[in-house]
Amino acid sequence: MKKAWYLGYSADDIGDRAILIGDPDRVDRIAGLLEEPRFLPVSRGLKSVTGGFAGKSLTIAAFGMGAPIATIVLHELADLGISRFLRIGTAMYFPPARGGEFIVSTSAVGFEGTSPAYLEGGEPYAADTALVEALNQAAAAAGQSVRKGIYATYDAFYRDMFGIDDAGRDRASANRELLKEMGVLAVDMETSALLAAAGALDVACTTLCLGTVDALTQEKLEPGALAQGEKQLFEIALSGLCALD
Ligand SMILES: O=P(O)(O)O[C@H]1O[C@H](CO)[C@@H](O)[C@H]1O
Ligand SMILES: O=c1cc[nH]c(=O)[nH]1
């Protein structure tokens, strides 16, 4: 049976849909919400678990950080037969979004190097509308709401997104002006590449993130609100993704 090159899994190891998560510690925490969680062998630090939720079988896969590795994980899982993907995590946000809100991607603009290899000229890359709506409904059922909008994605965190030196501050500040004009709501390091890869591979994908860093002030969500938001994020993500056939 075919085995994925980097992940090392075969089709028998995985569900029919996937949640992609950056931080591998989040895989351990979301696994507690799954029925019969089965952790898969870890290679290169890529931690995954397969289990059930609401009668559906899914795989939660950690990719670390950044578009190249996130798209490798999506591409390998798509090649094994997964047809729906949801990235969850955290993002920098622009007004009118506020800290602690859930932001779902309806589309994304790519300032990273991976998306052109999948869908050159395809910008803005579109998210799957059924998945976006399923997340919207799952949030409402949980007494929460999601804000829908455009994501922008970069590779160079300390140059394009967040300044800790003069060169980074200047560049990130110029980017912020551009993103404000474009009406971007959230910034991360994966979404545009995942949407482009999903489009090219004919699978469904979107991103749902908790807004944790104010793009204008660089103020961070405090740890208690982050922990609480993460729990709600997991519930909305699992319910929304598993509501679809
Ligand atoms: O979503 P999480 O894993 O929190 O990661 C987010 O924070 C990292 C730094 O920008 C990027 O990987 C980004 O997408
Ligand atoms: O600053 C941040 C915080 C979360 N996610 C990002 O991509 N950037």
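Side chains included, hydrogens not; waters and symmetry mates left out as well; all remaining heavy atoms used. Every number for a ligand or one of its atoms is a count from 1 in the order of the listing.
Residue-ligand proximity, Thr90 to ligand 2, at heavy-atom distances under 4.0 Å covers atoms 4 (C), 5 (N). In the vicinity of Met65, heavy-atom distances shorter than 4.0 Å reach the ligand 1 atoms 8 (C), 9 (C), 12 (O). Listed by atom number, the atoms of ligand 1 under 4.0 Å from Gly89 heavy atoms are 1 (O). Using a 4.0 Å cut-off to heavy atoms of Asp188, the atoms of ligand 1 that qualify are 14 (O). Taking every non-hydrogen atom of Phe157 and a distance limit under 4.0 Å, the qualifying atoms of ligand 1 come out as 9 (C), 10 (O). When each atom of ligand 1 is checked for a heavy atom of Met189 under 4.0 Å away, the hits are 9 (C), 10 (O), 11 (C), 14 (O). The atoms of ligand 1 that sit less than 4.0 Å from any heavy atom of Gly22 are 3 (O). Against a heavy-atom cut-off of under 4.0 Å, Phe157 is close to the following atoms of ligand 2: 1 (O), 2 (C), 8 (N). Counting atoms of ligand 1 from 1 in the listed order, those under 4.0 Å from a heavy atom of Arg26 are 2 (P), 3 (O), 4 (O). Here is the list of ligand 2 atoms found below 4.0 Å of a heavy atom in Val187: 6 (C), 7 (O). Close contacts between ligand 1 and Met161 involve ligand atoms 10 (O) [criterion: under 4.0 Å to a heavy atom].
For atom 14 (O) of ligand 1, the closest heavy atom belonging to the protein is Glu190 OE1, 2.4 Å. Ranking protein heavy atoms by distance to atom 1 (O) of ligand 2, first place goes to Met92 CE, 3.1 Å.
Phe111 and Tyr154 have parallel rings, their planes meeting at less than 30° on a 0 to 90° scale where 60° marks the start of perpendicular.
Note that the CG atom of Leu185 and the SG atom of Cys209 stand 11.5 Å from one another [nearest 0.5 Å]. Expressed to the nearest 0.5 Å, how far NZ of Lys220 lies from OG1 of Thr212 amounts to 8.0 Å.
Classification of Arg17 and Asp245 as a salt-bridged pair fails, no side-chain N sitting under 4.0 Å from a carboxylate O. With salt bridges taken as basic N to acidic carboxylate O contacts below 4.0 Å, none links Glu76 and Lys2.
Checked options Leu210, Leu135, Asn136, Ile88; the residue passing with Phe102 is Leu210 (criterion: side chain to side chain contact (heavy atoms under 4.5 Å, CB included)).
For Ser239 (side chain) and Ile236 (main-chain N/O), no donor-acceptor pair under 3.5 Å exists by modelled atom type. Without hydrogens or angle criteria, Thr59 side chain to Gly15 main chain gives a donor-acceptor distance under 3.5 Å.
Every N/O-N/O distance between Thr212 and ligand 2 stays at or above 3.5 Å.
The shortest distance between side-chain heavy atoms of Leu7 and Ile14 does not fall below 4.5 Å. For the pair Leu58 and Leu238, the minimum side-chain heavy-atom distance is below 4.5 Å.
Among Thr90, Leu226, Asp25, the residue whose heavy atom sits closest to atom 5 (O) of ligand 1 is Thr90.
Assignment of Arg87 to the shell around ligand 1 is supported, since a heavy atom sits closer than 4.0 Å.
Within the 4.0 Å heavy-atom criterion, neither part of Met92 lies near ligand 1. At a 4.0 Å heavy-atom cut-off, ligand 2 touches Val213 through the side chain alone.
Using modelled atom types and a 3.5 Å distance limit, the side chains of Tyr9 and Ser48 yield a donor-acceptor pair.
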